[in-house]
Amino acid sequence: MEKEEKKSGRKKLTKAGRRFFQVVLIAALCVAGYSGYQLFSGIKEYRDSQNAYAELASAVEAVPEASSEAEDPLPSGVTRADFAKLSEINPDTAGWLTLPGSEIDYPVVQGTDNQYYLEHLFDGTVNHSGCIFIDYANSPGFKDRNTVMYAHHMRNGSMFADVEKYRDQAWYDSHPLLYLQTPDAIYQLEPFAGILTDGAAGYVQIRFESEEAFHAYVQDKIDQSTFTSEVTVSDSDQIVTLSTCRYDAYNGRYALFCKLTKIA
């Protein structure tokens, strides 16, 4: 009898105990399901964004005018933007930015604030990939001494993820030029400095009270730069800043400063 009692001596869960473990199991399954849904949603957003911009580039590519290759200001492989088509899709169209040999080949917009295009694609679709946008405080048409563009650093390598690669001298050496098309002109962007900063550092300045103030601003960025450049910026030049997030610091940013030169 004693042996039988020992064999059956395991304690049974009470009704309350069974209910507790059932609740814990259901909660764990819910968390796992939600995490899976979030992962799936994130992957789907990445895919939707990439497809949308690839389709846009194909739909709005302009047919180049008949001319010799030597006269073409844009290298082969750069999307030639038809701004009439772009503006039909989105009246906020301001340009098209390309960094050859990278993922950066996107339209540029300028809205009425610096929030909307953080979570909307060029066509207005809600998507966390967003769109490259110019600071709303900038004058339209790249007329300011410093025009500032923002875009996300997406973990799948899209949008401005390649901007942070200028932390590496070798990346700068192999990617010394960006091309900016607008409805009225074509520009060349020459990176001359890139800095590690944060969202509270006040690194964005659009207008300057004097050429001396502009010179001091430019020199400060060169002194902090993660790469060395031979590009010279005169006190009368215009620049463009490309700003994106970085993930190795709280509220981190990487800002790339480029000399703006009209080439067509």
Side-chain angles (χ1 to χ4, degrees), residues 45-65 69 72-90 92-111 117-125 127-134 142 147-168 171-191 194 240-245 254-264:
E45 270 204 328
Y46 284 152
R47 185 175 63 248
D48 290 348
S49 170
Q50 288 180 310
N51 290 342
Y53 282 118
E55 291 172 6
L56 178 67
S58 298
V60 303
E61 181 144 21
V63 178
E65 297 179 5
E69 186 175 342
D72 191 346
L74 295 173
S76 61
V78 172
T79 298
R80 288 159 172 79
D82 185 326
F83 285 99
K85 293 180 180 178
L86 284 167
S87 295
E88 285 179 6
I89 300 169
N90 187 343
D92 288 342
T93 298
W96 190 285
L97 182 67
T98 305
L99 173 60
S102 84
E103 293 295 320
I104 299 174
D105 189 32
Y106 298 110
V108 178
V109 296
Q110 185 174 23
Y117 286 107
L118 287 173
E119 296 189 349
H120 291 82
L121 302 182
F122 178 79
D123 64 0
T125 301
N127 188 299
H128 288 95
S129 293
C131 189
I132 299 175
F133 64 93
I134 296 170
F142 296 86
T147 299
V148 184
M149 298 185 196
Y150 307 96
H152 289 303
H153 176 171
M154 302 305 292
R155 293 185 184 275
N156 69 341
S158 62
M159 304 314 293
F160 266 3
D162 284 335
V163 167
E164 193 188 356
K165 291 183 180 179
Y166 281 92
R167 293 174 69 157
D168 185 351
W171 178 263
Y172 166 75
D173 291 340
S174 59
H175 298 80
L177 290 175
L178 297 92
Y179 294 90
L180 173 66
Q181 302 167 67
T182 74
D184 303 314
I186 298 176
Y187 298 92
Q188 181 176 277
L189 301 184
E190 299 175 87
V240 171
T241 300
L242 310 181
S243 177
T244 194
C245 295
Y254 188 85
L256 182 68
F257 300 86
C258 308
K259 178 179 177 178
L260 179 70
T261 304
K262 184 177 178 180
I263 57 175

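- Side-chain contact between F133 and V109 is present, with heavy atoms from C-beta onward closer than 4.5 Å.
- Closest heavy-atom contact between S129 and M154: OG-CE, 3.6 Å.
- Using a 4.0 Å cut-off between a side-chain N of Lys or Arg and a carboxylate O of Asp or Glu, K165 and D168 do not qualify as a salt bridge.
- Nearest heavy-atom pair across D162 and E103 is OD2-N, 2.8 Å.
- In this structure the side chain of L256 never reaches within 4.5 angstrom of the side chain of T244, judged on heavy atoms.
- In this structure, W96 and D105 have side chains that are in contact, with non-hydrogen atoms separated by less than 4.5 Å.
- The closest side-chain heavy-atom distance from L189 to L260 is below 4.5 Å.
- When all heavy atoms are compared, the tightest approach of H128 to E119 is CD2-OE2, 3.6 Å.
- Using a 4.5 Å heavy-atom cutoff, the side chains of P73 and Y179 are not in contact.
- Ring pair Y166/Y254: centre-to-centre distance not below 6.0 Å.
- A heavy-atom distance below 4.5 Å is found between the side chains of V60 and I89.
- Using modelled atom types, one finds no donor on one side chain facing an acceptor on the other under 3.5 Å when comparing T182 with D184.
- What you find for Y53 and G130 is that their closest heavy atoms are OH-O, 2.7 Å.
- Annotation: side chain of L74 is not in contact with side chain of T98 (no heavy-atom distance under 4.5 Å).
- Closest heavy-atom contact between G101 and W171: O-CH2, 4.1 Å.
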